[in-house]
Every structure is written in structure tokens, then in C-alpha cells.
Amino acid sequence: MASTTAPEYAVEVNDVSMVFNMASEQLNSLKEYFIKLMRHELFFSEFRALKHISFKVRPGEVVGLVGTNGSGKSTMLKIIAGVLEASEGTCIVRGNIAPLIELGAGFDLELTARENIYLNGALLGYTKDFIDGHLDEIVEFAELRDFMDMPLKNYSSGMVARIAFAIATITEPDILIVDETLSVGDVFFQEKCERRIRHFIESGNVTVLFVSHSLEQVERICQRAVWIERGDLRMDGPVHEVCEAYRNQFA
Ligand SMILES: Nc1ncnc2c1ncn2[C@@H]1O[C@H](COP(=O)(O)OP(=O)(O)O)[C@@H](O)[C@H]1O
Ligand SMILES: [Mg+2]
């Protein structure tokens, strides 16, 4: 029987672990590195940033990731976005992703804002014609019309975030990943981004994975939260319950 129903899950994280190898001593040059390597004097210590994480997200679900700094939230989002490959486990994603992960990822600081819109757009899979047709809309949303021919290196991080958000959300993605991107802009732009995210959420078609400094924002936007603490999955459930438990940890 042909099936036209939506897939059951948009994102499936199955027993994912992430190990970073870190040189156990500070080396000052590549030469020093190769000499140590040749002499078999180079030792690595393993650091487990994620330990056996599993969770599934249904299409249209809006999930917040919470956890103290360095707990592995960004690492988890990068694995889902395909920027990093998990050391163990699998991650299945169904649909196209608009990743707002790290400021500046997919941008070249030497190029102008206008050139960066085309560069970043191409990385997101947009054609030149498509961007031509949507350039005004992008520039208007980012509110940076007067700065389009300025190299990105002269932009503040808030201005880069505006452009990144404007490009990534110009079409409705299947999966939107937002990693603290909104916290660098000013409060008015944050509100504007939040309205666009809400618009996606209300359409019911967009799956959202959301990380914010602000627990209030997570509670306002998300239905569910996944709490990752020092690489361990602590809790997964309704957003208010998880945020309550997370807050109690500090009480
Ligand atoms: N490329 C990397 N190499 C080594 N360690 C890393 C790398 N990326 C992240 N880490 C470490 O992994 C841990 C989790 O980082 P991260 O995912 O950025 O946490 P969070 O986003 O929750 O603050 C931190 O201890 C961080 O220092
Ligand atoms: Mg992070």
C-alpha cells in the first residue's frame, strides 16, 4: 500500500556518543607535533562530550535542549545538522534542515554582506535565481540595507546573526535548529525572530530544536525539553517539568 502519511519521526538520535581527542600536552607548532608523532610520543586524552544519548522528535514538535554550559547541547545540534559525525550511534534526520548553529559558520568575513548572502544561501541549497528573487526580503528582514556592501568583518556579531537568521528562514524548513543565535541580537530583533519561529510552529509543519540562554524563552516556545548534563541525558519530558527540575538543581 502506498503511504502518503508523514514519517513518524523527523529526528531520531540513537545511542549517540561523541568523543573528542585532545592532545594531553600543549604543543607550540606543527613541527613539534610531527616530531612527537614520529617518535610515538604523542598521547591523547579522550573526552566524552556525549554519552549514549537517545531521543526522537516527531514532525512539528518543538523541543528545547537545556543543560549547563559545556554539557554537550551544541555538539548534539551539530551532529543532528550533519556538521559533526557521532563517534558512536546513529542520527537519522528526515527533511531539509535550516541550521542556525554557530555564528559565522558558512560565512566569509572578507566578503561583503551581499556576497555572503549568496555564499550562505548556496550552502543552504538555494540557487542564485532564488536568492536574486528573495534578496530584498532577506535584507529587509535583517534591517541592514545600508550595510550590504560592507565586508562582514566590520559587522558586529548581532548583525551577522540577523543575516544568518534572515537567510536560513527565508523558506519554511522542515527542521529548524536554533543554537543561542537569537541571544546576540538586540531585544527587538530577538522578538522579530521569535515571531518568525512562532509562525513556523503554528504552521505545524516545522520541527524545531531550540537552545537558549533564557529558560523563560525555552518555556515560552517549546512544548518539550531534553536536559543534557555533562554529556548525559538527564530528563526528557514536558517543557515545564524539565525546566522545573533543571532549576531545582541550582536551588
Ligand atoms: N571540537 C572540540 N574539541 C574538543 N572538545 C570540544 C569540541 N567541541 C566541544 N568540545 C567540548 O565538549 C563539551 C561540550 O561542548 P558544547 O557541546 O559546546 O556544550 P554546550 O553547547 O552545552 O555549552 C565542552 O566541554 C567542550 O569544551
Ligand atoms: Mg553551546
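Start at 1 and go down the list; that is how both ligands and their atoms are numbered.
Distances from the Mg ion (ligand 2) under 2.8 Å pick out these protein N/O/S atoms: S74 OG.
Under 4.0 Å is where a charged nitrogen must lie from a carboxylate oxygen, and between E219 and R247 at least one such pair does. Ion pair E180/K73 not flagged as a salt bridge, since none of the NZ, NE, NH1 or NH2 atoms sits closer than 4.0 Å to an Asp/Glu carboxylate oxygen. The pair E229-K51 does not meet the salt-bridge criterion, since no charged nitrogen lies less than 4.0 angstrom from a carboxylate oxygen.
In terms of heavy-atom proximity, M76 sits nearest to I228 at CG-CD1, 4.1 Å. Contact record, S203 with E172: OG-OE1, 3.5 Å, taken as the closest heavy-atom pair.
In summary, the side chains of N14 and S54 do not present any donor paired with an acceptor at a separation below 3.5 Å, with no hydrogens or angles considered. Side-chain contact annotation: R196 with T169, donor-acceptor N/O pair under 3.5 Å present.
Near ligand 1, residues F20, M22, F47, A49, T68, N69, G70, S71, G72, K73, S74, T75 come within 4.0 angstrom through at least one heavy atom.
Each of D179, I197, V66, I201 was checked for a side-chain contact (heavy atoms from CB on, under 4.5 Å) with F210, and the lone residue meeting it is I197.
Side-chain rings of F189 and F141 approach one another, their centers coming within less than 6.0 Å.
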